Amino acid sequence: KRTFKLKLGLFGWFLKGFLNTRCTSRGLVSLQRRAHPPMVFLKTHRTGSSTVQNILFRLGERESATFAFPSHTYFEWLFRAAFVDELPEGSSQFDLLCSHMRLDLREVRKVMPQNAVFITVLRDPIKTFESVFGYYTSTVPAFLTAHRAAAIEGKSALSVFLDSPEIFWDPKEPRNGLAKNPMSFDMGFNNQKWNGSWPEDLAQLEEAFHLVMIAEHFDESLVLLGALLGLEHEDLAYLRLNVRAGNSVTDLDENMQAKVRSWNVLDTLLYDFFVQVFWEKASQFGMERLKAEVERLRAFTEDVRRKCVSRAEVPPGELEDLLRPWQTETATIVGYEVQGNLSLQDQGFCIRMMLPELQYHSHLYFKQYGRDMRAAPAE
Ligand SMILES: Nc1ncnc2c1ncn2[C@@H]1O[C@H](COP(=O)(O)OS(=O)(=O)O)[C@@H](OP(=O)(O)O)[C@H]1O
């Protein structure tokens, strides 16, 4: 994914031309002053984070926000302020950081303004792990070894891994970061085993984050996000991005689910804790009000989808380069086809909503720096 990000820079000019339309369907002038506080979105792995990121990319682009782009998002490393490219000329601060990173709060605070709002998203740990395993099978050594063993035995890679994960998992191998408790890993915690600092780490995280979205309550999360940032339904309308095709998903029976849960017990604690925090925030907002807002958001989003999408769940081979999501060796990621009869302005809006992460990132980077992404320093 990293290497592809760099290569994608070559498409910069192409994307610039294609997306040289306004990013709202309301016809707002693109060089609008920012109306929202600076924001950090910790992009966790396989949790629906690309969908949230797309909402923030659109918002930031519309408001001419200055993005903090970590020049290399080696997910095995804790975030460092030095990873972020320099402030572009004419900007006095970064407004948005919404990339994958392994969180180090102190380092993030060196880059982002004091008043930055912190957001992230968590997903049911069983679904997250199944998705992380299926998507990263060939890049996480522990998964790859299990995958090879399973091929010999003619079994499912995930079930072979779950039967005896410790055989495949070398905790000293840095590329195994996502192999156990991947969400805790993204949060910068010790994800390998419980230690005494966990409750304190969790409390610190709760204090730092203004909102931890929950993928299972995605629309409710968006309503709370909208209230936090003063966003309209148009800002929050979305398409589910980075979705695996049905045949790339492994069904887990109860036995396998229990094994996933026990292998990822820290993620379960993390998730359960923030689900509770989420419902506390929801009840402060008002449950009836939340329900009504969710219904309105869903109705609005449905209209936008009808207007923008001519075909959903499109296999990668049938998508043009601009709209084809990044594929991995073991997972097929489906995408969208845009309606054909749209005005130029609506086309700009709709394409942005279905634009995969890497293409959108490349477009924004080029727009901000007038050049392609810099190559990561040699490892
Ligand atoms: N709105 C919403 N609600 C719930 N779930 C959603 C949503 N949008 C995307 N998804 C699912 O999230 C998975 C992709 O997550 P990410 O985009 O975070 O993946 S990545 O780490 O950036 O590759 C991927 O999960 P799997 O399909 O199970 O792999 C998506 O289907």
Side-chain angles (χ1 to χ4, degrees), residues 1-2 4-5 8 41-58 70 73-76 98-103 119-140 143 158 177-179 182-187 212-226 236-252 257 260 267 271 275 278 294 297-298 301-302 304-305 309 312-316 324-336 353-361:
K1 198 164 175 179
R2 249 182 270 145
F4 185 69
K5 271 187 184 163
L8 249 176
F41 172 61
L42 168 59
K43 191 174 187 295
T44 42
H45 285 93
R46 306 308 297 167
T47 53
S49 67
S50 303
T51 304
V52 182
Q53 183 195 52
N54 180 275
I55 292 171
L56 300 179
F57 273 171
R58 279 182 279 142
T73 51
Y74 295 169
F75 55 70
E76 59 265 34
C98 48
S99 302
H100 279 300
M101 60 182 141
R102 186 162 187 225
L103 184 67
I119 303 156
T120 190
V121 57
L122 298 178
R123 185 184 186 190
D124 177 326
I126 295 175
K127 290 192 213 141
T128 304
F129 188 78
E130 188 278 320
S131 178
V132 165
F133 188 96
Y135 190 82
Y136 292 108
T137 312
S138 51
T139 46
V140 172
F143 297 165
L158 183 54
L178 293 177
M183 294 188 289
S184 305
F185 179 81
D186 286 334
M187 296 293 162
V212 176
M213 301 171 68
I214 301 293
E216 283 64 41
H217 311 293
F218 198 83
D219 294 337
E220 287 80 357
S221 297
L222 283 184
V223 168
L224 295 187
L225 181 71
L236 298 170
Y238 70 93
L239 295 170
R240 290 171 80 109
L241 298 180
N242 221 347
V243 174
R244 282 176 303 158
N247 60 8
S248 294
V249 179
T250 307
D251 284 329
L252 305 180
Q257 288 185 26
V260 174
D267 269 8
Y271 178 80
V275 166
F278 179 81
V294 164
L297 175 63
R298 282 187 182 150
T301 300
E302 209 32 62
V304 171
R305 286 176 189 156
V309 177
E313 295 180 34
V314 184
R324 187 181 312 117
W326 172 249
Q327 307 290 313
T328 71
E329 279 171 41
T330 46
T332 303
I333 307 295
V334 292
Y336 298 90
M353 199 163 69
M354 56 185 71
L355 203 56
E357 172 186 0
L358 300 182
Q359 284 88 324
Y360 209 159
H361 186 284

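Counting convention: from 1, in listed order, for ligands and their atoms alike. Nothing fancy with the numbering, it's 1 onward along the sequence. Values below: all heavy atoms of this structure, side chains included; hydrogens, waters and symmetry mates excluded. Computed from a predicted model, the values in this text were never measured in an experiment.
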Taking E302 first and then R305, would you say they form a salt bridge - that is, a charged N and a carboxylate O separated by under 4.0 Å?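 A salt bridge is present here (some side-chain N lies under 4.0 Å from a carboxylate O).
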Pull out every atom of ligand 1 sitting under 4.0 Å from any heavy atom of [X], numbered as shown with elements.
{"X": "S131", "answer": "25 (O), 26 (P), 28 (O), 29 (O)"}
{"X": "A215", "answer": "3 (N), 4 (C)"}
{"X": "S49", "answer": "16 (P), 17 (O), 18 (O), 22 (O)"}
{"X": "H100", "answer": "20 (S), 21 (O), 22 (O)"}
{"X": "Y238", "answer": "1 (N)"}
{"X": "S50", "answer": "16 (P), 17 (O), 18 (O), 22 (O)"}

Does [X] reach ligand 1, in the sense of a heavy atom lying below 4.0 Å from it?
{"X": "K43", "answer": "yes"}
{"X": "Y136", "answer": "yes"}
{"X": "T47", "answer": "yes"}
{"X": "T44", "answer": "yes"}

Check: G48 N/O within less than 3.5 Å of ligand 1 N/O: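 Between G48 and ligand 1 (N or O atoms, distance only) the closest approach is under 3.5 Å.
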Does an N or O anywhere in H45 fall below 3.5 Å from an N or O of ligand 1?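 No: no nitrogen or oxygen of H45 is under 3.5 Å from one in ligand 1.
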Taking 4.0 Å as the limit for heavy-atom contacts, which would you say applies to [X] with ligand 1: side chain only, backbone only, both, or neither?
{"X": "N242", "answer": "both"}
{"X": "V249", "answer": "neither"}
{"X": "Q53", "answer": "neither"}
{"X": "W326", "answer": "neither"}
{"X": "E130", "answer": "neither"}

Run down the list R244, K127, R123 and name the one with the heavy atom closest to atom 13 (C) of ligand 1.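 Nearest heavy atom to atom 13 (C) of ligand 1 lies in R123.
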Judged on heavy-atom distance to atom 2 (C) of ligand 1, which of F133, F218, Y135 sits nearest?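 It is F218 whose heavy atom sits nearest to atom 2 (C) of ligand 1.
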So how far is it from R244 CZ to T250 OG1, rounded to the nearest 0.5 Å?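 It is 7.0 Å, given to the nearest 0.5 Å.
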Only one of R58, E357, H100 clears side-chain contact (heavy atoms from CB on, under 4.5 Å) with Q53; which?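 One option only clears the test, and that one is E357.
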Suppose we call two aromatic rings close when their centres sit under 6.0 Å apart. Are F278 and F218 close by that rule?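 Distance test on ring centres: not under 6.0 Å, no.
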Hey, would you say the H45 and Y135 ring centroids sit under 6.0 Å apart?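 No, too far apart.
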Within the side chain of T51, is there an N or O that forms a donor-acceptor pair under 3.5 Å with the backbone of R240?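 The answer is no, because no donor-acceptor pair under 3.5 Å joins these two groups.
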Count the heavy atoms belonging to other residues, nucleotides or ligands that lie under 6.0 Å from CD of E329, then report whether that count exceeds 12.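 Open: at most 12 neighbouring heavy atoms sit under 6.0 Å from CD of E329.
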Atom of [X], atom of [Y] and distance for their closest heavy-atom approach:
{"X": "C98", "Y": "F57", "result": "SG-CE2, 3.6 Å"}
{"X": "Q257", "Y": "L252", "result": "NE2-O, 3.1 Å"}
{"X": "P70", "Y": "S99", "result": "CD-OG, 3.2 Å"}
{"X": "V132", "Y": "L178", "result": "CG1-O, 3.7 Å"}

Distance alone, cut at 3.5 Å: any donor-acceptor contact between the side chains of K43 and S50?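 Yes - a donor-acceptor pair under 3.5 Å links their side chains.
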